[in-house]
Amino acid sequence: MDKKFYITTPIYYVNDKPHAGHAYTTLVADVLARYHRQNGEDTFFLTGTDEHGSKIAEAAAKHNQTPQEFCDQVSGVFKTAWDKDHLGIAYDYFIRTTDPNHEQAVRDIFQKLLEAKTPANNPVLYEGEYAGLYCTGCEKFLTEKELVNGLCPDHKRAPEVLKEKNYFFRLADYLPAIEQKIVSGELQILPEHKKNEALGFIKQNVPDFSVSRSSVKWGVDLPFAPGQVAYVWIDALSNYITALGYPKNLELMAKYWPADVQLMAQDISKFHTIYWPALLMALNLPLPKTMFIHGFFTIDGQKMSKSIGNVIDPNDLVAQFGQDGTRYLLLSQFPLGQEADLQASLFKERYNNDLANGLGNLVARTANMIETYLAGKNPITKKNSLNLNNDLPDLNKFFIYEYLVAIRSLIDQANRLIDEKKPWQLVKTDLASTQEVLGQVGELIILVAEKLAPIMPAISAKITKQFTSDIIKKEEALFPRLN
RNA sequence: CGCGGGGUAGAGCAGUUGGCAGCUCGCCAGGCCCAUAACCUGGAGGUCGUCGGUUCAAGUCCGACCCCCGCAACCA
């Protein structure tokens, strides 16, 4: 039986176009997905857009569009940014929470929740009257304790006093089990400090939360609760299973669920580490195996911000550095998971150094020598004449940054080999040795290309094709130097 | 007693389980001339924030302290 690998990104909120942060998360998922596909695993990679909520309705109104028109448009912008002419994200399915299938699935999920019992044999959902302070920015009720000077600390606006009868999720009955699963590693949360954070949430005792809203119009309406729509987070989190057909069509569910890796940034960790497992348990579904929560990065030392004007549009990067160049630049700057700085001011320098002077130049000089010294005859023998160490840092352990460092050293190794053996001198006296050396360099190049496939798929394929042909010719620069 | 991140060469950063302190850029000197003014070698430059502890051995573990940054909006 084939091994399977199911990886998800969060679905992105469509109140604005994608930026470097969305691109980063999505890219990481893409790299892991490609890596697992390369290893022959049956891989399913899910991403998409989150389209409900009052903020979307507001944004749509501002643009004189219906919410649906607005969502269609922005969701399309995301798809474009990921497509093969841009970042090259090879997702298997792109879900939208306004998909009729998803909406119906959410209704079905609510129906199931309505009928479900907690481990303590209480109904999972119960009706309650909630009178609370609701912040439309957060899409949630705030406690008085959370307010700062009467304002939402996150949005600096006064919450509205809202009284509504809605359904609550009996989270309390699930917290002990969630804690146990996190502690035991049955639900692995990475990096470690994020795991501690999740356990911290539980220690602080997360209250039951309401799962329906009467104050919101743009959402999945709930037949059993006229006038109410699904709380956006229930709607959003469900995407990871509705995308697989849950609950109507269980074929893909059986194949792929539980998710192997769920990636996200830290802002939504609480929803994923607490609410999401609770929801799954209430539905009697297994929990995802691993959640990887990465930090936010600053850009040149400053918080990414519209008002500062340093928000990076991934499409602009692709236009300047190409698809693979952009992918490399975003992934090579800091280890995955950390809060770190993305040095946009160094993009060009790194591009020139690592890609143009490094990989690109190596490929060019090697191909050129093979073409001129060996009449292009491919000198690569299959044997591992260099005793190459194939062990790179494990992408499965999220060592993407470290992996790239190792690849750079392979490139250095190839350059050093050329300089040591000086094929341009060798060729005058010893054609056989020249052929051997260039064959070894070629081996290294092919190895680099193979290892690079998940990260720079297009370039990797180009190099592989060039160096597995019978006749190797010098081709146009892979990464033209930028000035 | 809020939460979190960080302080390692001039700059920007690595350093998985403690075992000779690394990478990129920049700088200096040399080499090479196949290549995208690229490539290679050598060098200068660090008391790894401070103090104390554990250890044969600590950037890496423990304790205390100092300093910087994020925790409005947009938002991975």
Side-chain angles (χ1 to χ4, degrees), chain A residues 9-10 12-13 15-29 55 59 137 145-146 148 151-157 191-194 196-197 200-201 204 263-268 293-298 300-309 311 314 330 332-335 338-341 343 345-346 349-350 352-373 393-394 397-399 401-402 404-405 408-409 411-412 414-427 434 438 441 474 476-483:
Chain A
T9 72
Y12 304 117
Y13 209 47
N15 55 349
D16 209 345
K17 63 181 184 180
H19 56 59
H22 299 101
Y24 183 75
T25 309
T26 311
L27 202 45
V28 169
K55 269 194 286 190
K145 214 172 137 191
E146 286 175 301
V148 177
L151 302 177
C152 166
D154 288 336
H155 298 86
K156 288 283 187 250
R157 65 172 92 158
E192 194 71 12
H193 65 265
K194 298 295 182 191
N196 296 334
E197 207 171 276
F201 292 145
Q204 290 158 39
L263 271 174
M264 74 208 74
Q266 59 193 11
D267 55 335
I268 51 179
I293 302 166
H294 70 258
F296 278 176
F297 50 74
T298 51
D300 289 323
Q302 285 186 297
K303 190 177 158 80
M304 189 193 303
S305 144
K306 274 187 183 169
S307 42
I308 294 173
V311 176
L330 286 176
S332 64
Q333 294 223 10
F334 47 80
Q338 297 193 1
E339 305 214 338
D341 189 41
Q343 295 175 275
S345 56
L346 294 182
E349 180 186 310
R350 286 177 181 268
N352 279 335
N353 188 65
D354 296 349
L355 300 180
N357 298 349
L359 180 57
N361 183 57
L362 171 66
V363 166
R365 69 193 298 211
T366 306
N368 184 62
M369 286 189 282
I370 292 172
E371 183 174 0
T372 53
Y373 301 159
D394 193 349
K397 293 183 179 158
F398 304 94
F399 290 146
Y401 172 92
E402 297 82 350
L404 286 172
V405 171
R408 279 201 297 273
S409 92
I411 292 168
D412 291 345
N415 273 322
R416 239 178 282 127
L417 186 62
I418 294 174
D419 275 63
E420 272 167 28
K421 305 285 184 178
K422 303 186 185 8
W424 51 91
Q425 281 180 16
L426 258 190
V427 69
T434 308
L438 291 176
V441 173
K474 186 173 180 185
E476 60 179 17
L478 295 173
F479 301 100
R481 204 182 154 80
L482 298 172
N483 294 307

Going by 5.5 Å between centroids and 30° between planes, is there a stack of A/F296 over B/rG70?
no
Can you tell me how far apart OH (A/Y373) and CG (A/N368) are? Round to the nearest 0.5 Å.
7.5 Å
What integer number of Å spans the P atoms of B/rA9 and B/rU50?
11 Å
To the nearest 0.5 Å, how far apart are CD in A/Q266 and CD1 in A/I293?
9.0 Å
Whole-Å P distance, B/rG10 and B/rC48:
13 Å
Considering only the C1' atoms, how many Å lie between B/rC34 and B/rG42, rounded to the nearest integer?
23 Å
What's the spacing between A/L478 CG and A/L362 CG if we round to 0.5 Å?
10.0 Å
Using the C1' atom in both, what is the distance from B/rC1 to B/rG18, to the nearest Å?
32 Å
Integer angstrom distance from the P of B/rA21 to that of B/rC39:
28 Å
When you measure from the side chain of A/E371 to the backbone N and O of A/K474, does any donor-acceptor pair fall under 3.5 Å?
yes
Euclidean distance, atom CE of residue A/M264 to atom P of B/rA76 [Å, nearest integer]
13 Å
Under the side chain to side chain contact (heavy atoms under 4.5 Å, CB included) test, residues paired with A/D412 that sit two or more places apart
A/R416
Output the distance between atom OH (A/Y13) and atom NZ (A/K55), rounded to the nearest 0.5 Å.
5.5 Å
Please state the C1' separation for the pair B/rG63 and B/rU54 - nearest whole angstrom.
11 Å
Under the 3.5 Å Watson-Crick or G-U criterion, the dot-bracket string of RNA chain B, with | for inter-strand pairs
.((((((..((((.....[..)))).(((((.......))))).....(((((..]....))))))))))).....
Base contacts versus sugar-phosphate-only contacts with protein, heavy atoms under 4.0 Å: please encode nucleotides 23-39 of chain B as B, S and - from 5' to 3'.
-SS-----BSSBBB-SB
With P as the reference atom in both, quote the distance from B/rG59 to B/rG19 in angstrom, rounded to an integer.
9 Å
Show which side-chain atoms of residues 418-427 of chain A pair as donor or acceptor with protein atoms under 3.5 Å away, not counting sequence neighbours.
{"unit_1": "A/D419", "atom_1": "OD1", "unit_2": "A/R365", "atom_2": "NH2", "d": "3.2"}
{"unit_1": "A/K422", "atom_1": "NZ", "unit_2": "A/D419", "atom_2": "O", "d": "3.1"}

Give a yes-or-no answer on whether the side chains of A/N361 and A/R481 include a donor-acceptor pair shorter than 3.5 Å.
no
side-chain contact (heavy atoms from CB on, under 4.5 Å) test vs A/S332 passes for just one of A/L355, A/L404, A/V405, namely A/L404
Cut-off 3.5 Å, no hydrogens considered: what does the side-chain donor-acceptor table look like for residues 20-29 of chain A, sequence neighbours left out?
{"unit_1": "A/H22", "atom_1": "ND1", "unit_2": "A/H19", "atom_2": "N", "d": "3.0"}
{"unit_1": "A/T25", "atom_1": "OG1", "unit_2": "A/G21", "atom_2": "O", "d": "3.2"}
{"unit_1": "A/T25", "atom_1": "OG1", "unit_2": "A/H294", "atom_2": "NE2", "d": "3.2"}
{"unit_1": "A/T26", "atom_1": "OG1", "unit_2": "A/Y12", "atom_2": "OH", "d": "2.6"}
{"unit_1": "A/T26", "atom_1": "OG1", "unit_2": "A/H22", "atom_2": "O", "d": "2.6"}

Going 5' to 3' along nucleotides 15-21 of chain B, which nucleotides have protein heavy atoms under 4.0 Å from the base (write B), which only from the sugar-phosphate (write S), and which from neither (write -)?
SB-----
Between B/rG45 and B/rC25, how far is it from one C1' atom to the other, in whole Å?
14 Å
Quickly, which of A/F398, A/F399, A/Y401 forms a side-chain contact (heavy atoms from CB on, under 4.5 Å) with A/P393? Name it, please.
A/F399
